[in-house]
Structure formats: structure tokens, C-alpha cells
Amino acid sequence: MTTNVIRVAVFVHGAGGGGWEWNAWTPIFERAGWHCIAGDLQPNQQGIAQTRFADYLAQVEHQAKEHKADRLILIGASMGGILALKASEMLHPNALILVNSVGPAGIGNRKTKAHPKVVEWSKGTLTETQDSMPDSDEATIRFAFQHWRDESGAVLDEISKGIPVDPPKTPTLIVLGDKDTDVPNSVGKEMATRYGGEVRVYEGMSHVGPLLGKRAPEVAKDVLKWLDTNIR
């Protein structure tokens, strides 16, 4: 890659989280010459209970279009994965990276689940956070515990029912933690098969492990190596 090319990476966080989930990744990408956007998805003006998938999607698209990029990549984790995948229809990125992403409509054995209007993750216990982050250090666990936010149940309902997407027309990397108990690895592998994507499975990593685990920098560096090979 030439140094005068403007490269923009948009990072999309998961449900109940924030742009801070990418704190281990963004410095590594910035050192490699990427301008990183890792903002917090915001509720609409009516509040979190009235927020819908389309509200978040519009924000991702706006963040990407806000910067003139010669090379644009979208990186999404969990809920952020389906947002990145859907946004790729309009943004046409140079590459797409999906980290333990939930699947779109038609992929996986979907079990529709009804959520309360507001999922109050901000009121969870430290023990619950520790249980969800077995491969993270104590400082990261405590930081996450203090920063979890409430989430729109309507958005999660929409995702549970299945968001329809067009297959991406761009190099796609699927990153999976083999200890993910939230999204089965089979979902990511099925996406890779359908989309002609590449799969990287990391042993011992939880659902949030690729972002918040002790080996998160390793995953970020691996993704950069993949980008060097797959986009120009």
C-alpha cells in the first residue's frame, strides 16, 4: 500500500457496548496508517426504547461517508457485524471484517427471541461481566463492567428475526472465538461459505475475546496482515 492513500477503518461495536470495545485495536491500526472511527452508536431522539436497527445503520453509513477515503474497511463485532454487513450494501467497502458476528436472515438456525423494551445491561453484576469475559484481564473486566450500557430491545428483536442482506462483493474475513457461547461458530462459517470469505478461528476466545481478551492485539495484527494481502 502506498503511504499517500487515505485509509479509513470504521469499527462498529456490539450491543450494550461502545466504541471503547475497540481500544486494543485502534492504536495498532493507527500505527499502520489507518484513520480509525470507533464511535458510540446513539439512541434516536425518542430514546433507547424507540431506537431501531435503521437508526444505528444510518449512523454507521454517516460515519463512513463523513471521511473521504481511498480505501474503506468496515469492521463489526456481534451486533456491529450485522450492521457492517448491511452497511456494505451501500458503502461498497474495500474489505469487510466480521468478528463473532450475528448472522443475517437465512443463515443459522434462528430462534426468535422477544426482548424487553430496554435491556438493562448497565445494571448487571460484576460477576456476570467476569463470566462473560473469561479470557480478559481484571482491569479490562472492571472497565467493561463500568461501561456497559442499556440496549434497545427492538433492535435486538429485529436482529433475532433476521436482517436481510445482499452478499458482500468485497474480500471478507470472518473472525471467530471457539469459546463463543453467544453466537455459534457455525453461523460465521456459514457466512464465509456463502460469501466466499476466509475464516480465522482463535482457540480459547470468548464472544468478546477478540476485542477485549488478553490476546486482542494479536487478533488485530492478524487482521492487518490479512488486509495487506487482500486489498491494495
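Keep in mind it's a predicted model, so treat the numbers as computed, not measured.
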Shortest non-hydrogen contact from L227 toward A95 = CD2-CB, 3.7 Å

For E89, all residues meeting side-chain hydrogen bond (donor to acceptor under 3.5 Å, both in side chains), sequence neighbours excluded = K86

Under the side-chain hydrogen bond (donor to acceptor under 3.5 Å, both in side chains) test, residues paired with R52 that sit two or more places apart = none

Could you please spell out the steps behind the side chain to side chain contact (heavy atoms under 4.5 Å, CB included) verdict for D55 and Q46?
-> CA-CA 11 Å; D55 296 313; Q46 285 72 46; over 6 Å; no

Quick one: closest heavy-atom pair of S132 and V208, and the distance?
-> O-CG2, 3.7 Å

Over 60° means perpendicular and under 30° means parallel, so classify the ring planes of F11 and W22, tilted if in between.
-> tilted

Shortest non-hydrogen separation from A77 to L211 and the atoms involved = CB-CD2, 3.8 Å

H35: what forms a side-chain hydrogen bond (donor to acceptor under 3.5 Å, both in side chains) with it, not counting sequence neighbours?
-> H67

Note: S101 and V183 closest approach over all heavy atoms is O-CG1, 3.4 Å

Looking at N185 and G177, what are the two nearest heavy atoms and their distance?
-> ND2-O, 3.1 Å

Give a yes or no on this: more than 12 heavy atoms of other residues, nucleotides or ligands lie within 6.0 Å of atom CD of E203.
-> no

Under 4.5 Å between any side-chain heavy atoms of L212 and W20, yes or no?
-> yes

Q45 atom CD, neighbour heavy-atom count above 12 within 6.0 Å = no

Do E120 side-chain atoms and V118 backbone N/O form a donor-acceptor pair below 3.5 Å?
-> no

Least distance between heavy atoms, R7 atom then A32 atom | NH2-O, 2.6 Å

